[in-house]
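One structure is given below, encoded as structure tokens.
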Amino acid sequence: MNRRSVFLLLLAVGGLLALGIVMLASTGEFSQDAHGRPHYFVYHQLMWLGIGLVLCFTLARIDYHFWVNKWPYLYGLSLLLLICCFVPHIGAKINGSRRWIHLAGLTFQPSELAKFASVCLLSWWYSQEDRVEREFIRGFVVPLGLVGLLMFWTVIEVDVGSTSLIGATAITMTFIAGSRWRYVLSVCLMGVGGIASAIALLPERTGRFFAFLHPELYPADAYQTQQGLIALGSGGVTGLGLGNGRQKLLYLPFAHTDFIFPVIGEELGLTGTLGIVFAYVIFVLAGMSIAVKSRDRAGLLLGTGLVMLIAMQAAVNLGVTTELLPNKGLPLPFISYGGSNLAFCLAAVGILLNIYRQCVSEQEEQHMEQMEMALQAQNKVVRL
Amino acid sequence: MCLGACVAFGFTVFSLRLVDLQVSRADYYSALALEKHSTQQTIYARRGSVTDVNGVPLASNEPVKTVVIDASVVRHSDALAEVLSRHLEMPLDQVKTRLARQTQGPNGKWGPSPYIVIKKEVPEQVAEALREEVLKRNLRGLVFEQDSVRVYPNGSMLCHVVGFVSRMNGGLKGVEGVERSMDNFLKGHDGVRFTERDRTGKEMPAFRHMERPPRDGATVKLTVDMVLQDIVESEMDAAMKQFRPKMATCILVRPATGEVLAMVNRPHYNLNQREGVPDEARKNRAIMDMVEPGSTFKVVTTAAALDLKLVTPETSINCENGHFSYGGAVLHDSHHGYGDLTVNDILVKSSNIGVAKLGIKLGDHRLYDYIRRFGFGDRTGIQLPGEIGGIVHAPRHWTKMSITHIPMGHEVGATPMQVVSALCTVANRGLLVTPQIISSITSSSGETLASYPPVEVRRVIPPEVAEQLVSALKEVVSKKGTASLAHVPGFAVAGKTGTAQKTSPTGGYEHGHYVVSFAGFLPADKPELCALVLMDDPVPGSTPNYGGYIAAPVFSRIAQRAARHLNMTPNPDLLKVAGSLAKNEGGKTR
């Protein structure tokens, strides 16, 4: 069972990665910032893919407990890097957001590290011998407060997408850890309120948010989504054929990053888009089944947290491009152009592989089942 | 596992949404995409050419370039403006203003316009020089678009018939002449190319589809023979020099078919340099101008009287010795009066009194009927725009004197074309044929779209009566007739002179101002050529101001040269007579 899970997981990830490179070759050429080199993005992405794969296989060999136990370092580093985004010469301001830092010729988004740090923090917190998950202060307020600090620095650099992602994953993890329903629900409501106030306070978001509800009233803000829908819709069932998409020809902004999904829909049609959705479902189910079978609570929480991060990111991207959700700038995992996200996703896969490596083997499982049955039989005997 | 189910459900929502978008609404979005990317581009059709009967081009197209600038790729605007202004001979400021034009792109942003027309109709050589300099200096943004201008290789020859075009809505539209009347055939049908463009408006050749090729205009072949036209033009120029008439017209027609072989009007103009040409010069007087035909009209009256058997050619009519009182006015014959004249001689001597008496014999209605049957008062139907029908008043509007004036060609307005057409009827032995100037229309692919066989309108008079008229008209061009100077060596010519006093704009007639004309055909027995020479208000100098002295010699010269070109066989007997006639040139003519 678990063997099949990891096989399916790797198949889904491999398929998505391959499709991502192919689609980037199709769309990247027409992007305005391709610097006139048709394969600029493909080479860059291949480089990052290499880094990501190395990371993936390295992490698969490192005991995941290392990350869980070293969370304070990860936490401190991501906080430092998030603050660095606001330091001149290190932080880079692109499209009005300070999400990036420049180091050694590479551009990196610290929010990716912050996601990982949050998941590690919560996994450690709820996997201690001293079970705190049903307590309010120690088991709920303190861990979420720590995550909230990261979210604060993420949101003020204007990255509502990543912030919501961290928040949603954190809440899901407290739920999985076994927090009380009322805590979880109240925080959910607070989260909704927080998003609402963020939307109201940030003018850039206000336009984008209402553009989603009333595209005709905000043509400038709805432009991107509308172009995405035209791309998806004109693809039909079979698509126009690989490379034949027209929307990527400067009509659709960010066709190679956040809005690559509509281009896939245009060129490969419903077959391609449903294939992607199916691949993500396989990824999530396989990832979950690995996490569930993990050796301990830390593995379960870390695995589900990482799978949730990627799944939610995919869900938000699909929701945005199909006009089910307001416009959020989140890349499509494994497919969109963007080095740090790809590296992060592959790192997550690496950790999942490590969780799998350490999971209870089938022999052990059978043994444990036998033990359990024996115990139950014993109990029965005792009762009798 | 509950979480896994949630995730699966969440992705199911996306799947449903995708099916909705990509299946249910695919058509809607495809249409939207097409609308967004596609642009229609007109491929202009070439205008057809106009040729004479032998295929000599009269109107054709010459390639020129339109200089367009794509300002979005221009880097050195000032240098480009300087080069453009130097080569195109335009003020530098004007070029700079045009280059600075901004337009709103499809994304709503304002930017340099990608399509600025700097100058149209730039000759090929100028465009080539400009291209070379721009290439050498590595300036970007210059685009040449292919265009064509209409040129008329013969300049002013046949200008009134060929007409010209003007540029309207990007295409050429015929304004006058054949260019106008045959516009539907000449203009062709523009083609359309649907292309897709990216957001910056650049064409994507890979996405070019649905192209409807243009259909070039058809070639219109006229019946006019440019050799004959040249003969007539040169003779008319000589006549203009000699007699300095205000206006003049000459028409050559092949009587049996109604084909117009030449048509000349003076004043005229150069079709390639139309600026500042007065309306008078642009007018095709042969079909647009009315004159009182004068004595040539006597043929009609005589024909009517003969046809109704009121008289025979030998019937004697008293011509009152030149003074005939009728309706309270006195009618005169030219110079000196005549006593009794036969009907034949009335035509030969062109007696006003004699023909007036024939008119009186006919009565209002019968005279009016014959005038209309000869085609007066109606457009002839020639394929040229702007033809007028002339004026023939109905009898109820006639005055008492009308019955004496109309028979000799006064009080009626006729176009020169109508006069020729009426004379052709006599030449055709009584059959009225529609004059035509279009020979055939051939499409650009070589298929004949239309041909114009002769159109018989009606039989006006029976052949016997026509024969009687022809023999009288032959005598007109003899020593005893008014038009001995119209004689053509080797051919029997039949014809009639006309000398009409000009009507004054204030009413009545102007003394000393005449419209002189001669209309005739040859050979009289089997006519191949019918011609009218008409001059409005000539200054005769020492020559008597009569059609027989002014118009008839011009006719003679034109007919001689035309007969040679048309390879008409001269009658050897008549060649001998020619010598004796030539000696007697100052003979009795009127």
Please determine whether a side-chain nitrogen of the Lys or Arg among [X] and [Y] lies less than 4.0 Å from a carboxylate oxygen of the Asp or Glu.
X	Y	answer
B/Glu82	B/Arg86	yes
B/Glu128	B/Arg131	yes
B/Asp93	B/Arg98	no

Options A/Ala314, A/Gly235, A/Gly269, ranked by heavy-atom pairs under 4.5 Å with chain B, top entry
A/Gly269
Ignoring hydrogens and geometry, is there a side-chain-to-backbone donor-acceptor pair from B/Asp190 to B/Ala45 under 3.5 Å?
yes
Main chain of B/Arg46, side chain of B/Asp216: is a donor-acceptor contact present, judged purely on distance under 3.5 Å?
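Side chain of B/Asp216 to backbone of B/Arg46: a pair is present.
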What residues, two or more places apart in sequence or in another chain, satisfy ring pair (Phe, Tyr, Trp, His ring centres under 6.0 Å) together with A/Phe334?
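A/Phe334 satisfies ring pair (Phe, Tyr, Trp, His ring centres under 6.0 Å) with A/Phe283 only.
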Partner set under ring pair (Phe, Tyr, Trp, His ring centres under 6.0 Å) for A/Phe261, not counting sequence neighbours:
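For A/Phe261, no residue satisfies ring pair (Phe, Tyr, Trp, His ring centres under 6.0 Å) once neighbours in sequence are set aside.
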Check step by step if side chain to side chain donor-acceptor pair (under 3.5 Å) holds for A/Thr174 and A/Ser179.
CA-CA 6 Å; A/Thr174 53; A/Ser179 230; 5.0 Å; no
Heavy atoms under 4.5 Å from chain A: which residues of residues 60-69 of chain B carry them?
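At a heavy-atom separation under 4.5 Å, chain A is reached by no residue of residues 60-69 of chain B.
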Please output the residues of residues 17-25 of chain B in contact with chain A, using a heavy-atom cutoff of under 4.5 Å, in numerical order.
B/Arg17, B/Leu18, B/Val19, B/Leu21, B/Gln22, B/Val23
Which pair of heavy atoms, one from B/Arg167 and one from B/Ser148, lies closest together, and at what distance?
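So the two residues come closest at NH2-O, 3.2 Å.
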Take B/Ile118 and B/Met90 through the side-chain contact (heavy atoms from CB on, under 4.5 Å) test and state the conclusion after the steps.
CA-CA 9 Å; B/Ile118 300 292; B/Met90 288 166 76; 4.0 Å; yes
